[in-house]
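Take a look at the structure set out below.
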Amino acid sequence: MRASRMNIVTLRETPADAEIVSHQLLIRSGFIYKSGSGLYIYGPMMQRVLNKVRAIVTQEITTAGGMEITMPIMQEQGLWESSGRWEEYQATRTMLTVTDRGGQTFGLAPTAEEVVTDYAGHLINSHKQLPVCYFQQHTKFRDEIRPRFGLMRVKEFVMMDAYSFHASDESLSETYEEMRQAYHRIFERCGLQALEVEADSGSIGGSGSHEFMIAADSGEDTILFNRDSAYAANVERAVGVISAAAAWTWSSDLVEVETPDQGGIADVVTFLGEKGYAGIAADRMLKTVLFTAESTEGTHTVAACVRGDRDVNDVKLSNAIGRQLPEGVTVLGLESMNEATVRQVTGAEPGFAGPLASLAVDICIADETLEEIGPLVTGGNKTDMHIAGFDLQRDGRDGIIFEDILTYQAGDACPRGGGELSERRGIEAGHIFKLGTKYSAAMGATFTNESNKQQPLTMGCYGIGSSRVLAAAVEQYHDDNGMQWPMNIAPYHCVVVAARKDDEGKQVAEDIYKELLASGVEVILDERKLGPGVKFKDWDLMGIPLRLVIGRGWDNGTVECKARVDGTPQDLSRDEAIAWVQAACK
RNA sequence: CGGACCAUAGCUCAGUCUGGUAGAGCGCUACGCUGGGGGUGUAGAGGCCGCAAGUUCGAAUCUUGUUGGUCCGACCA
């Protein structure tokens with residue numbers, strides 16, 4: 001391609017609303033253009049990168065046994081009602097909808113379990129047809145409340161989604177493993193370092209799932225991991241072992257302590273310390289956090305208890321609440337309880353809640369690490385009053401459920417033994433789920449098994465945010481001058497910069513360009529009438545991996561060869577330069 | 001959905017407090033000079049100051065409303 005025909009428009013200044021580096025560089029380089037909030041045009045260069053990622057994904061998923069199909073973006077409401085997810089996705093406002101002239105409402109694909117389950121259910125009648133796996137790479141929609149971070153969080157994006165169907169859990173596990181391997185190959189071929197972590201399965205549901213995280217400080221997810229034991233999990237799901245609470249000698253009698261205006265944990269600890277309660281620390285406090293949970297059945301008041309120095313894990317809590325509700329009832333959302341309701345359920349000002357008989361909530365869940373700990377200090381459900389010497393087993397209200405609802409953190413011990421957990425940020429680029437029969441059972445997608453019985457299809461589903469992978473690649477590979485695309489997904493392999501004014505110099509650049517082109521190299525000839533500095537800045541910004549310059553070196557018959565990544569320029573002869581490029585982009 | 005902020009040239013922003021001729025840098029156009037890291041000279045084009053009402057002799061500037069956007073939180077395969 002000739003640069004003079006590429007309409008290259010690069011920005012010197014960073015747009016005001018671009019916070020993270022991938023957003024800044026993609027905008028400045030002209031790779032993307034904001035069409036609206038959370039809506040982006042992929043320019044010609046970006047499209048080429050996307051095409052390459054898509055090609056790699058298609059190849060690897062096909063190798064893993066997937067068959068590519070295309071499903072509609074518009075999905076009938078009835079399909080979603082048959083799985084029971086319509087209400088959930090409307091209530092959580094995850095799904096965008098459109099209505100036609102007849103008044104029929106459609107969802108804009110946030111994912112396609114319902115559509116594909118309906119499809120497979122009609123095509124698959126016998127266990128002899130199994131297993132089977134379909135996939136597509138198509139536009140997906142999310143009703144993002146707040147799009148941000150450029151391509152990271154948008155309303156419309158490209159995602160590969162694959163769905164496998166099985167006669168047994170064993171078969172599902174085999175395919176799940178094949179897909180897991182395929183994911184690793186995909187990220188490797190894209191030149192990305194991805195970390196596989198245990199994950200929460202969220203609103204998709206199912207029995208097990210892993211996420212593929214691309215490590216980046218700007219990532220929105222937190223990963224806890226330990227290299228020695230190879231444990232890695234999303235903090236939403238991660239478990240660990242917390243250090244024991246510091247010793248605290250107490251007569252174990254229940255004592256009410258006046259704590260005027262001491263609502264927070266830290267306040268109470270300081271206050272009690274001054275009052276002579278020696279050795280009391282935050283880990284001897286029992287923190288009671290109050291929530292209001294919305295479910296398909298109604299509103300529930302919830303108390304969640306954790307050790308005073310730790311935090312409640314919302315995701316785990318939400319799952320735990322779901323297990324307390326009747327079959328088929330789904331938790332839609334979890335909110336901090338408003339102050340008026342707090343006063344109602346505790347009979348006190350906010351800050352003095354405790355899991356006593358006087359706590360009038362529908363559900364009370366205590367973290368499992370509190371089962372064996374005591375005595376503690378907790379709120380007394382009276383304004384300005386705490387209770388010391390509290391033992392949850394002995395003094396707690398009836399019906400307390402013990403579950404893991406703790407947010408683990410760096411420094412906690414690894415659950416697989418050995419050392420401490422470390423923490424890093426990651427971008428969720430892929431997610432695989434063992435769905436089981438959640439959708440097939442609800443939608444009546446069954447097959448005849450070997451015993452001549454109808455059985456719901458066992459399913460797995462697998463997603464890769466293709467467009468998010470692009471942003472993650474920029475996050476992972478860039479420097480002060482711009483992007484650094486890995487060769488396999490770079491929009492072009494090489495740019496030939498014509499930096500001489502004389503006719504011979506121009507002709508040499510032209511000839512080298514044509515020769516590279518003919519040998520299958522994806523190459524750009526920059527013959528624009530611009531100073532060389534401008535050209536260098538442009539291509540560094542756009543991150544083309546290889547650069548040849550026909551400039552002052554040509555006086556001695558040499559061409560400057562430089563790799564975008566940590567390359568020191570080297571002067572080679574014309575033919576050597578061509579060979580250098582051909583070798584580098586193999 | 002709570003809280004904060006912004007809207008002036010294609011982009012980044014001054015000007016608003018204290019009402020009185022519409023500004024800068026970058027980008028763009030033309031013509032030179034120049035060529036190894038966004039070079040330079042001259043001459044230009046480009047704005048209903050988001051929109052609507054109000055106050056005023058007079059509004060980018062003050063008031064109210066409205067619409068879009070941004071940030072923090074909540075939410076989120």
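Just so it is clear, the model here is predicted, and its values are computed rather than measured. Values below: all heavy atoms of this structure, side chains included; hydrogens, waters and symmetry mates excluded. Just so it is clear: chains get the letters A, B, ... in the order the sequence lines come, proteins before strands, and each one is counted from 1.
Only the C1' atoms considered, B:C11 is 27 Å distant from B:G35, to the nearest whole Å. Rounded to whole Å, the separation between the C1' atoms of B:U66 and B:U21 comes to 31 Å. Separation of the C1' atoms belonging to B:G58 and B:A14 is 24 Å when rounded to the nearest angstrom. Taking atom C1' in both B:G38 and B:G2, one finds a spacing of 44 Å when rounded to whole Å. Spacing of P atoms, B:G15 relative to B:A24, comes out at 15 Å, to the nearest Å. The P atoms of B:G27 and B:U42 are separated by 15 Å, rounded to the nearest whole Å. Taking atom C1' on both B:U55 and B:G3, the two are 31 Å apart, rounded to the nearest angstrom. Nucleotides B:C71 and B:A30 are separated by 43 Å at their C1' atoms, to the nearest Å.
Residue contacts for A:F157: at a heavy-atom cut-off of 4.0 Å it reaches a base atom on one of the strands shown. A:L334 comes within 4.0 angstrom of sugar-phosphate atoms only, judged by non-hydrogen atoms across all strands, and of no base. Residue contacts for A:D540: at a heavy-atom cut-off of 4.0 Å it reaches a base atom on one of the strands shown. Across all strands, A:G531 comes closer than 4.0 Å to no nucleic acid atom at all (heavy-atom distances). Contact annotation for A:D314: backbone-only contact, meaning every heavy-atom pair under 4.0 Å involves sugar-phosphate atoms and none involves a base. A:G333 comes within 4.0 angstrom of nothing in the nucleic acid, heavy atoms only. Counting any heavy atom pair closer than 4.0 Å across all strands shown, A:N481 reaches no nucleic acid atom. In this structure, A:V497 reaches neither bases nor backbone, as no heavy-atom distance under 4.0 Å exists between it and the strands shown.
There is a side-chain donor-acceptor pair under 3.5 Å between A:E475 and A:S218. A donor and an acceptor atom, one from each side chain of A:T330 and A:E88, are nowhere located under 3.5 Å apart. For A:E297 and A:S295, the side-chain atoms include no donor-acceptor pair closer than 3.5 Å.
In this structure, A:E13 atom CD and B:C11 atom P are separated by 11 Å, rounded to whole Å. Per the geometry, CZ belonging to A:R28 stands 16 Å off P belonging to B:C11, to the nearest Å. Residue A:D200 contributes atom CG, which lies 12 Å from atom C1' of B:C76 at whole-angstrom precision. A straight line from CG of A:N338 to P of B:A74 spans 17 Å, rounded to a whole angstrom. Here B:A77 presents its C1' atom at 15 Å from CZ of A:F212, a figure rounded to the nearest Å. Between the OH atom of A:Y462 and the P atom of B:A77 there is a distance of 19 Å, rounded to whole Å. Rounded to whole Å, atom C1' of B:G73 lies 14 Å from atom CD of A:E220. If you measure from atom CE of A:M95 to atom C1' of B:C76, you get 14 Å, rounded to the nearest angstrom.
Of all nucleotides listed (B:U70, B:A77, B:G73), B:A77 comes nearest to the side chain of A:R142. Among B:C72, B:A77, B:G35, the nucleotide with an atom closest to any side-chain atom of A:P532 is B:G35. You'll find that the side chain of A:L541 is closest to B:G38, out of B:G38, B:C71, B:G37. Among B:G37, B:U70, B:C75, the nucleotide with an atom closest to any side-chain atom of A:D17 is B:U70.
Both tests hold for A:R547 against A:F536: distance to the six-membered ring centre under 6.0 Å, angle to the ring axis within 45°.
Close to B:U12, at under 4.0 Å from its OP1 or OP2, lies no side-chain N or O of A:R12. Residue A:R153 places none of its side-chain N or O atoms closer than 4.0 Å to OP1 or OP2 of B:C75. For A:S37, a side-chain nitrogen or oxygen approaches OP1 or OP2 of B:U70 to under 4.0 Å.
Pairing for B:G25 goes to B:C11, judged as Watson-Crick or G-U wobble with the two contacts each under 3.5 Å. A 3.5 Å limit on both hydrogen-bonding distances identifies no Watson-Crick or G-U partner for B:G47.
Summary of the strand contacts: A:K34 and A:T10 both lie near RNA chain B, and taking for each the nucleotide with the nearest heavy atom, the more 5' one is attributed to A:T10.
A:Y40 and A:H23 have perpendicular rings, their planes meeting at more than 60° on a 0 to 90° scale where under 30° would count as parallel. The aromatic rings of A:W80 and A:W86 sit perpendicular to each other, their planes meeting at more than 60°, with 30° as the lower class boundary. Under the 30°/60° scheme for interplanar angles, the aromatic rings of A:F212 and A:Y183 are found to be tilted. Using cut-offs of 30° and 60° on the angle between ring planes, the pair A:H431 and A:F433 is parallel.
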